[in-house]
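Reminder, nothing fancy here: chain letters follow the sequence lines and each chain counts from 1. Please read these numbers as outputs of a predicted model, since none were measured by experiment.
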Amino acid sequence: MSEFTRNDQELRRFEELEQLRAAGINPYPPVFEKTHSSSSILSTFSDDQPEILNDVTVAGRIMAIRKMGKATFCHIQDAEGKIQIYLKKDDLPIFYEYLHLLDIGDIIGITGYVFRTRTGEVSVHARSAMLLCKSLTPIPIAKEETDEHGNKIIHDAFADKELRYRRRYVDLIVNPQIRDTFRKRSKIISTMRRFFDDQGWMEVETPILQPLYGGASARPFVTHHNALDIELYLRIALELYLKRLIVGGFEGVYEISKNFRNEGMDKTHNPEFSMLEIYIAYKDYIWMMEMTEQLISTISQETNGSQTVEINGKTIQLAPPYRRASMFDLLSDATGMNLRNLTRDELHSAARKLNVEVESTASQMKILDEIFSECVQPSLIQPTFVMDFPVEMSPLAKAHRTEPGLVERFELYVNGSELTNCFTELNDPIDQRKRLEEQAASRADGDDEAMTLDEDFLYAIEVGMPPTAGLGIGIDRLVMLLTGEESIRDVLFFPQMKPL
RNA sequence: GAUCCCGUAGCUCAGUGGUAGAGCAUCUGACUUUUAAUCAGAGGGCCGAUGGUUCGAGACCAUCCGGGAUCACCA
């Protein structure tokens, strides 16, 4: 980036690097053996028995230097936090000679004993010190102050959102509190895996590059395979391949992986995003509701040590059971109208009465969806299973066992947004073909998000899939819920950005 | 795609028509338990880009580029 226009601070660091090399110091040694982390020292230290920590070796990035002539204090930051280092010229005659060549951002290793300073901070008094990595470009310096009320004040924080996303590695150094979000993300996914593995369900991998895409309504990314000279699509969902594996005889399979959708970006959409999909043979969506409750509450407990989360002053209760309500009951509760089995014209006039704006060309499903999004969805703060959708909205879900025109499907809403999607999977090959042919027809009519007709998938369903329940969870949104982050960009290390 | 806001030093920001500023960071000096260390001094800028108005533009106008927020699209 600044490859050709180094600023004065960078140029000076290059000079320092040469001086260090000239002095016989390797600025990039290959290995360093730590014995302690910053947090382990801080939690172990005892004023009564300081000798317990008489010989510790720590390493980290220099975040602050306070030089006082023949003694210097600095703070180093490692994966777990910061600790103060006390460097005294008398104890480190050689290291102290080139201390002036070190900067904030450099990584050093220290061996010494732990003590408490006069002002009360547990610190490492260095007996030896060495440079582990010379930093050639300055990082923004955030300074923290604690005022008389104990409030933490941060000065000169690295706050430019764009730069923070583009240079996440700097963000992670300078704003280490965001590491917690990503630790939680990792914990959420590992807890999920363990939950499934404990049940004997198998993690699988299916193609990302697909000759046909399906399993959701979305526009795909297109790429090209040179050797075969064909177009390939980046998958928009995992569903159709995972169902093929249920056909193949596995009775519980799941995949946690990226999906790709070629659509707009905003606070809840990134072009690539992480999904869990899981399919369990011989189960239905009622069973899957209970499983989902157990899964979400377990993940919350493991991640936050609690089954409630606070978001914008709202306390959200994630302990089971969750409210269950049919889509049309929720609609009639919210609007005072029965919207089931209405014609398109009737739905248009209902939308007008409700002040819900819809395009004049909107289909029945589109209008229902709009009314639901406007009138019902924002009120679904506590976890709610919204059940039993119109068949036209769900071409891969099984017809409802008692309600004509509906399918056995639920979406779990929490804090006003959709978190999961589930159905009793359609395994009637005749019905499945009919539904996908209808999709193909609306596709031919210009709906470029309607599903494509995947003959091989239909063949698999004809071979025969046992009764099966399937569940999808948007991992990023789950992470947002459990970390309180309001933008998907804040739960992705490297959100999609426009190229510079 | 629409509307609003933003773009000035490495970072955070001030500067509403008259010689480019502050704090931190950086450099020099002092200081052997400091902690936003302190004290004394110094360097650092194509004010996002281009065009215009003006005697004079960082500021006003236009266009463009980049970003943010809200909305629309999108599950």
Taking atom [atom1] in both [N] and [M], compute the distance separating them and give it to the nearest angstrom.
N: B:C64; M: B:G10; atom1: P; value: 29 Å
N: B:C65; M: B:U54; atom1: P; value: 28 Å
N: B:U19; M: B:A72; atom1: P; value: 48 Å
N: B:A62; M: B:C4; atom1: P; value: 11 Å
N: B:U3; M: B:U63; atom1: P; value: 11 Å
N: B:U53; M: B:G58; atom1: P; value: 16 Å
N: B:U34; M: B:U38; atom1: P; value: 13 Å
N: B:C39; M: B:G68; atom1: P; value: 39 Å

Picking from [options], which would you name as closest to the side chain of [X]?
X: A:R166; options: B:U33, B:G67, B:U32; result: B:G67
X: A:I104; options: B:A25, B:G68, B:U33; result: B:A25
X: A:E411; options: B:A25, B:A75, B:U32; result: B:A75
X: A:E121; options: B:C74, B:U35, B:U33; result: B:U35
X: A:D369; options: B:G68, B:U34, B:A75; result: B:A75
X: A:A71; options: B:U26, B:U33, B:U32; result: B:U32

Separation of [X] atom [atom1] from [N] atom [atom2], in whole Å?
X: A:K67; N: B:U35; atom1: NZ; atom2: C1'; value: 17 Å
X: A:H75; N: B:A25; atom1: NE2; atom2: P; value: 15 Å
X: A:R116; N: B:U35; atom1: CZ; atom2: P; value: 17 Å
X: A:M265; N: B:C74; atom1: CE; atom2: P; value: 18 Å
X: A:Q84; N: B:U32; atom1: CD; atom2: C1'; value: 14 Å
X: A:E15; N: B:C27; atom1: CD; atom2: P; value: 11 Å
X: A:L99; N: B:U34; atom1: CG; atom2: P; value: 18 Å
X: A:I65; N: B:U38; atom1: CD1; atom2: P; value: 15 Å

Test item: A:E277 side-chain N/O and A:I256 main-chain N/O as donor-acceptor pair under 3.5 Å |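 Not at all, since once roles are kept as given, no pair shorter than 3.5 Å links the two residues.
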Examine distances only and state if a side-chain atom of A:Y28 and a backbone atom of A:K134 form a donor-acceptor pair shorter than 3.5 Å.
-> yes
Would you tabulate the pairs of protein nitrogen or oxygen atoms and nucleotide nitrogen or oxygen atoms of nucleotides 1-7 of chain B closer than 3.5 angstrom?
none

With heavy atoms under 4.0 Å as the rule, sort [X] into base, sugar-phosphate or nothing.
X: A:K366; value: sugar-phosphate
X: A:H125; value: nothing
X: A:K161; value: nothing
X: A:Q377; value: nothing
X: A:R261; value: sugar-phosphate

Which nucleotide, in any strand shown, forms a Watson-Crick or G-U wobble pair with [N], with both distances under 3.5 Å?
N: B:G51; value: B:C61
N: B:G45; value: none
N: B:U70; value: B:A2
N: B:C13; value: B:G21
N: B:A75; value: none
N: B:G29; value: B:C39

When you measure from the side-chain N and O atoms of [X] to the phosphate of [N], is any distance below 4.0 Å, counting only OP1 and OP2?
X: A:K267; N: B:A69; value: no
X: A:R118; N: B:U35; value: no
X: A:R66; N: B:A37; value: yes

Is a donor-acceptor contact shorter than 3.5 angstrom present between the side chain of A:D266 and the base of B:C74?
->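 Donor-acceptor pair under 3.5 Å: no.
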No-H, no-angle donor-acceptor pair, A:T119 side chain to B:U33 base, under 3.5 Å = no
Contact list for residues 45-84 of chain A, test ring-ring contact (aromatic ring centres under 6.0 Å, His included), sequence neighbours left out |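 Of all non-adjacent pairs touching residues 45-84 of chain A, those that pass ring-ring contact (aromatic ring centres under 6.0 Å, His included) are A:F73-A:Y86.
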Could you run down the sub-3.5 Å N/O contacts of the protein with nucleotides 8-11 of chain B?
from, atom 1, to, atom 2, distance (Å)
B:C11, O2', A:D156, O, 3.3

So, A:Y322 and A:T292: side-chain donor and acceptor under 3.5 Å apart, yes or no?
-> no
Looking only at side chains, do A:T468 and A:E425 share a donor and an acceptor under 3.5 Å apart?
-> no
How far apart are the C-alpha atoms of A:H125 and A:D91, what are their side-chain angles, what is the distance that settles it, and do they pass the side chain to side chain contact (heavy atoms under 4.5 Å, CB included) test?
-> CA-CA 9 Å; A:H125 186 135; A:D91 299 334; 2.6 Å; yes
Which pairs with one or both residues in residues 471-489 of chain A pass salt bridge (charged side-chain N to carboxylate O under 4.0 Å, His left out), sequence neighbours excluded?
-> A:R185-A:D476
Who passes ring-ring contact (aromatic ring centres under 6.0 Å, His included) against A:F182, sequence neighbours left out?
->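 Per chain and number, A:F182 pairs via ring-ring contact (aromatic ring centres under 6.0 Å, His included) with A:F493.
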Is there a side-chain contact between A:V479 and A:I188, using heavy atoms and a 4.5 Å cut-off?
->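 A side-chain contact exists here, since the closest heavy-atom pair is under 4.5 Å.
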Charged tip of A:R409 within 45° of A:F389 ring normal and under 6.0 Å | yes
Does A:D90 or A:N421 map to a spot on RNA chain B nearer the 5' end, using the closest nucleotide for each?
->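 The residue whose closest nucleotide sits nearer the 5' end is A:D90.
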Side-chain atoms of residues 57-64 of chain A: list all donor-acceptor pairs with protein atoms under 3.5 Å, sequence neighbours left out, distances to 0.1 Å.
from, atom 1, to, atom 2, distance (Å)
A:T57, OG1, A:T111, OG1, 2.9
A:R61, NH1, A:G105, O, 2.8

Looking at A:D55, A:V122, A:L42, A:T44, which one forms a side-chain contact (heavy atoms from CB on, under 4.5 Å) with A:V114?
->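 Option passing the side-chain contact (heavy atoms from CB on, under 4.5 Å) with A:V114: A:V122.
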So, are A:E255 and A:R235 salt-bridged, with charged N and O less than 4.0 Å apart?
->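 So A:E255 pairs with A:R235 through a salt bridge.
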